[in-house]
Amino acid sequence: MEGRSAECRGAPAAAMIPQMSRRGKFITFEGLDGTGKSTQMRKLAAVVWDAGHRVIETREPGGTPTGEKIRKVLLDSSTAGLAPLAEMALMFAARAQHIAEVIEPALAAGSIVLCDRFTDSTEAYQGSGRRLGSEAVRELHRVLCGNLQPDLTILLDSNPGASVDRARRRNKRTAKGGARSHDENRFEQETRAFFARVHEGYLAIAAREKGRVVMVDARGTPAQTHQRIVEVVRKKLRV
Ligand SMILES: Nc1ncnc2c1ncn2[C@@H]1O[C@H](COP(=O)(O)OP(=O)(O)OP(=O)(O)O)[C@@H](O)[C@H]1O
Ligand SMILES: [Mg+2]
């Protein structure tokens, strides 16, 4: 789904009927660059769809036409000198639009919404990595996002150095004409110390949000990580 706004997989009509009146489920994928979020989200979407649910796959920053324009500003390494507070404000601008245009309507219609990054990323990257603090992020989330909380957050945990190197290699491979046809390297150029703070930020969120956030070891093969995620989703959400 790289480079596009939210995608929907339709479920068979019979499977949709009992879901019409029930609110859907909101599942987010979090973790450092290159931990495998996008890979694992695609794999989970296929399983959830095969189980007969309607699935929306979406991502942040982005997920709407306006949000994808904001994504370009945020991730393109030619964006120079963006103030940390401006960066955080743009993340939330894209998110507020995303919630209004995609996430809330899909949940109201009973869909399972899978989202590649959400507010935990802002808390880890801008709050911890850029040192803007968790409270600012959480307050903005309350004001701008109606404090919408995922039903489940899968936090993919890996060695920060190894995963960021993987993301950098992936970006180099896809820079010319691949799934990411434009430059999305601005964050990958950050220092090891920055990513160490982001990692600490994620660990602090997991410790605080024990009921919502499940840490999954992402150091194995994609198939091993997928198996762990399916177990977690079945156990926590019974989907
Ligand atoms: N378990 C794994 N083992 C080895 N390589 C993997 C694994 N999972 C994903 N990859 C590869 O590592 C790269 C990064 O994976 P992916 O794009 O899914 O990560 P991401 O968390 O979405 O990264 P980003 O935050 O930069 O979007 C890709 O080239 C992917 O094919
Ligand atoms: Mg990704």
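Both counts, for ligands and for their atoms, begin at 1 and track the order of listing. Treat the numbers as computed from the prediction; the structure is a model and nothing was measured.
- Neither the backbone nor the side chain of Asn171 has any atom closer than 4.0 Å to an atom of ligand 1 (non-hydrogen atoms only).
- The option from Lys37, Arg169, Met41 that lies nearest to atom 25 (O) of ligand 1, judged by heavy atoms, is Lys37.
- At least one heavy atom of Gly220 sits less than 4.0 Å from an atom of ligand 1.
- Sorted by first then second residue, the ring pair (Phe, Tyr, Trp, His ring centres under 6.0 Å) pairs that include residues 79-108, not counting sequence neighbours, number zero.
- Residue Thr225 has no nitrogen or oxygen atom sitting less than 3.5 Å from a nitrogen or oxygen atom of ligand 1, judged on distance alone.
- Proximity of the aromatic rings of Phe195 and Phe187 is defined here by a centroid distance below 6.0 angstrom, and this criterion is not met.
- Here is the list of ligand 1 atoms found below 4.0 Å of a heavy atom in Glu188: 26 (O).
- Of the heavy atoms in Gln224, none comes closer than 4.0 Å to ligand 1.
- Around atom 29 (O) of ligand 1, the closest heavy atom drawn from His226, Arg173, Arg117 belongs to Arg173.
- Within 6.0 Å of CZ in Arg219 there are 12 or fewer heavy atoms belonging to other residues, nucleotides or ligands.
- Put simply, the side chain of Glu104 reaches to within 4.5 Å of the side chain of Leu148, judged on heavy atoms.
- Under a 4.0 Å criterion applied to the non-hydrogen atoms of Gly36, ligand 1 contributes the atoms 15 (O), 16 (P), 18 (O), 19 (O), 20 (P), 21 (O).
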Please lay out, stage by stage, how Phe29 and Phe118 fare under the test ring-ring contact (aromatic ring centres under 6.0 Å, His included). CA-CA 8 Å; Phe29 285 76; Phe118 192 59; over 10 Å; no

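- A cation-pi contact, defined as under 6.0 Å to the ring centre and within 45° of the axis, is absent between Arg130 and Tyr125.
- Not counting sequence neighbours, the partners of Thr221 by the side-chain contact (heavy atoms from CB on, under 4.5 Å) test are Ala223, Gln224.
- Because the distance cut-off is set at 2.8 Å, Ser38 qualifies as a neighbour of the Mg ion (ligand 2) through one of its N, O or S atoms.
- The closest non-hydrogen atom to atom 8 (N) of ligand 1, taken over Lys43, Arg166, Gln40, Arg42, comes from Arg166.
- Considering only heavy atoms from C-beta on, Asp116 stays 4.5 Å or farther from Thr58 through its side chain.
- Residue-level proximity to ligand 1 for Arg219 is absent, since no heavy atom of it falls below 4.0 angstrom.
- Atoms of ligand 1 found under 4.0 Å from any heavy atom of Thr39 (numbered from 1 in listed order, with element): 9 (C), 15 (O), 16 (P), 18 (O), 30 (C).
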